[in-house]
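Report on one structure; see the data block that follows.
We number each residue from 1, following the sequence as shown. Counting starts at 1 for both ligands and their atoms, following the listed order. All figures in this text were calculated on a predicted structure; none of them were measured in a lab.
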Amino acid sequence: MQSSSSYPEAVEQLIAGFRRLPGVGARTAERLALAVLRWTPEELHDFGLLLATLPERVGECRVCGNLAEDDLCPVCRDPARDQSIICVVENADQVPVIERSGGHRGLYHVLGGRIVPLDGIGPEDLRIGELRARLDSGEVRELVLATGSDIEGEATATYLARELRRPGLAITRIATGIPVGADLAFADSATLATALNSRRPVG
Ligand SMILES: [Zn+2]
């Protein structure tokens with residue numbers, strides 16, 4: 001890193017730390033590091049403690065697999081959510097995106113990935129057994145499959161629709177127009193709300 005060669009080792013390490021973040025290049029990392037250096041010792045301590053305790057404080061929701069600080073995530077803990085509809089997503093970072101769209105008032109189920117046979121990722125590697133157990137409770141009337149619109153996302157949705165089919169349960173697919181895979185994290189809210197509202201039955 002040429003531009004930062006005059007920095008002490010600790011500052012170099014701080015810059016390298018910021019560079020690990022998505023979308024942060026060398027100059028932005030340098031700017032962020034210099035800004036952090038202006039914080040008070042107390043601010044630095046608190047932020048450092050926050051980072052250091054993340055592994056023990058943030059885990060998976062026991063029910064849906066979403067990010068959770070306690071046993072249950074904020075969505076599962078909210079009694080106002082519609083318990084009869086579950087939106088199935090690939091990863092936890094897709095939950096806040098769908099939340100912001102306002103198109104879903106039910107619960108979630110985070111699979112923890114998608115079926116990719118070439119990478120050796122099969123159904124048994126995803127949280128499908130947990131989903132089946134939730135359906136067994138009998139409260140769920142609709143499953144909205146919001147996996148990606150690329151080949152693997154579609155294949156995962158097709159697999160789930162076939163495997164989870166049962167009387168009294170509607171299985172629907174979010175309408176197309178959603179960017180593939182992880183890009184769902186950047187889908188715009190209006191498009192996503194439309195896609196959620198115009199979902200269609202599958203299976
Ligand atoms: Zn949850």
N-O pairing of R105 and D82 below 4.0 Å: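 Salt bridge flag = no for D82 with R105.
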Under 4.5 Å side-chain heavy-atom separation, chaining through any Ile, Leu, Val, Met, Phe, Trp or Tyr, what else clusters with V63? Say none if it is isolated. L72
Treating [X] as the side-chain partner and [Y] as the backbone partner, does any N or O pair qualify as donor plus acceptor under 3.5 Å?
X	Y	value
D125	G122	yes
E154	I151	no
H109	R127	yes

Side chains of Y108 and E99: do they bring a donor and an acceptor to under 3.5 Å?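 Looking only at side-chain atoms, E99 and Y108 do form a donor-acceptor pair, the distance falling under 3.5 Å.
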Could you please tell me which protein N, O or S atoms lie under 2.8 Å from the Zn ion (ligand 1)?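 The answer is C61 SG, C64 SG, C73 SG, C76 SG.
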